[in-house]
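Throughout, residue positions are numbered sequentially from 1 according to the sequence presented. Order of listing sets the numbers, starting from 1, for every ligand and every atom in it. Computation of the quantities below employed the complete heavy-atom set of this structure, encompassing side-chain atoms and omitting hydrogens, waters and symmetry-equivalent molecules.
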Amino acid sequence: MILNRWQDDDARAMQDAAGTDPAARELALRVYTSRIIGQDPDLVMHGGGNTSMKQVLTDLYGDPMPVIHIKGSGWDLGSIAAAGLPAVRMDALLRLRSLPALSDEDMVNIQRAALIDSTGPNPSVETLLHAWLPQKYVDHTHATPFLALADLPEVEAATREIFGNRLALVPYIMPGFALAKEAAEVFEENPDCEGLLLINHGHFAWGPDAKSSYDRLVAQTNEVEAWLADRRPAPLYPVAALPEADLASLLPVLRGAMGAHLPAGTALPVFDLRATDAARAFLARPDVADLATRGVATPDHVIRTKGHPLVLTRAVIAAGAEAVRAEVDAFVARYAAYFDRQAPRFGGAKTRLAPTPGLVWIEGAGVMGVGHDAAAARIAADIGEQTIRVMIDAQAAGRFAPIGEADMFDCEYWSLEQAKLGRGTPPAFRGQVVLITGGAGAIGRATAQAFRARGAQVFLVDRDPEALAAALAMLGPDQGGLACDITAEGAAAAAVAACVRRFGGLDVLVANAGAAMQGAVATLSDDVLRASFELNFFAHHHFAQAAVAVFRAQAGARGAGAGAASGQILLNISKQAVNPGKGFAAYGLPKAASLFLLRQLALELGAEGIRVNGINADRIRSGLLTGDMIASRAAARKVDEATYMAGNLLGREVEARHVADAFVMLAMAERTTAHVMTVDGGNIEAALR
Ligand SMILES: [Zn+2]
């Protein structure tokens, strides 16, 4: 059931925050109910809904000016503000109804020209539908229960059974001018109706004020939900889950196999797998292969998920990489055939999109979103989870029968979406997955931020769970992490597997974690030296081994000649590797071994396109060089702390962000491998020959 979230206190607080102007106070209520609608994923998901409110403002001449406040594109209902509901002059919108037809481009242009504030966002493409309904408040959603109802072949009979004549039905038309006209006519033929059901699309409700419109939206949605619940089958018994180890080997293969169909040099896609009991039970249905061919629950989903998921059965997964790749190839061939069937209707006007899946149904695992980055994959996965709920309910109440292929193509290849293609350059590391050990330390955090700023997905590994949580919070949504002791047996392989599970694979390993154990070499205990080797050498070695296995799985499935880099390793070494300091043998010995490891890895992996580079940094404020250490070393040299920290050729302190930038530069240096970059402000004794 949809919870009615209206709270008088919250509504009043929103109005009070808007000040004393009556128009602003009215708009505040529109903002409030838009948010509570948008915050319920069973009402609205990822832009799938919009709201409006009509009122009369006063123009600069003191004359009354009727406007509609309508959701602007780019705003999310759940977090919308007044600026996201721009006012549009009603006279301009009402006059459009006299036209016989209107292109989407002209519609967008005229709506923009009628904005009261010329800097406002583009009014929704469903603006005219809102404007031509007479009610003050209008709410539109693609709610989960309404999608199940709207996609029934017997939608009219079912709607009558639930609502009588309280809801009027609008036949399917793609959103835009023609749909708005049809909806207005349906309403005028049924002037007493309390809402509209848009077949294969969604729901409209309205009211004279914010609360009554919202109450009605929720109540009508719950009437559908109750009707569906009566027909809903009991969930299937728990289904055995695919072992995590199988997933860890499947996902990089799948990622590479999709990459084989992307332009050379393009990053591999990013995944978001929802391994839930509900999804597993759904994927065990006998009709799952058939359901995979039906289509999308509401037309705008096709832009996020494509029309159909790729289905991987247990048998295919068990058969191994070649079988998985064959399924991806077959999906791509079906997609190309779909394009070739539909595109000729538009002459040569349509540019084919990437032919790879937007959703994967993995039997025994769950529903997985695929995207050019983690945010896009998350949105696809959210829609994928909603769609299976819609399919289950629609099948139980009759049959899931969404729009057909031609209508789907019209939405997927909508001219306004096609116009966005090729605009702007994606960030340099978009879609690349970067794993950073010691990710919550000073250099790790700075490195994560530097890669994140260039569009990478970041997976942090750190021993300290609290510091890790803080670092992830700083990075914002759509990143990943694992708290573990990387010197433990099997820890590196487990951490890389966790990264694969989070994003589908790995592209850049930054082996950064380290600690400086001390002691004079003549009396150094084996225990200290061995512990230092575990952290400062073996952990790097084990992470490199685990990363290379993923790189190889991805590259093997992508195939030869794809042209993209097939993975890289960056090591944080130390000036100790070449310029020992007294008392730092326990640190310098494994670091020198890691420098050799870098060269050995570069030598053996270069032919596969895997690059291996490192950084020698020195005197960076971090867990290795704490404030107390800086104070005591500065005192020993009889200088102040700032002078000590700037004790290099440039005479300037080197900060963690400078090391981070150097890692990024190495990652971008396409023809550089086996290289060590020094980041120490200049120190001739530590300079490499
Ligand atoms: Zn809609």
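- Ion pairing between a basic and an acidic side chain is recognised when a charged N comes within 4.0 Å of a carboxylate O; Lys211 and Asp209 show no such pairing.
- No side-chain N or O of Asn122 forms a donor-acceptor pair with one of Ser73 less than 3.5 Å apart.
- Residues that satisfy the side chain to side chain contact (heavy atoms under 4.5 Å, CB included) test with Pro153, not counting sequence neighbours, are Arg399, Ala401.
- His203 and His201 share no side-chain donor-acceptor pair at under 3.5 Å.
- Protein N, O or S atom count below 2.8 Å of the Zn ion (ligand 1): the structure gives 4.
- Atom CZ of Arg12 sits about 10.0 Å away from atom CG of Asp10, to the nearest 0.5 Å.
- Atom CG of residue Leu96 and atom CG of residue Leu128 lie 6.0 Å apart, to the nearest 0.5 angstrom.
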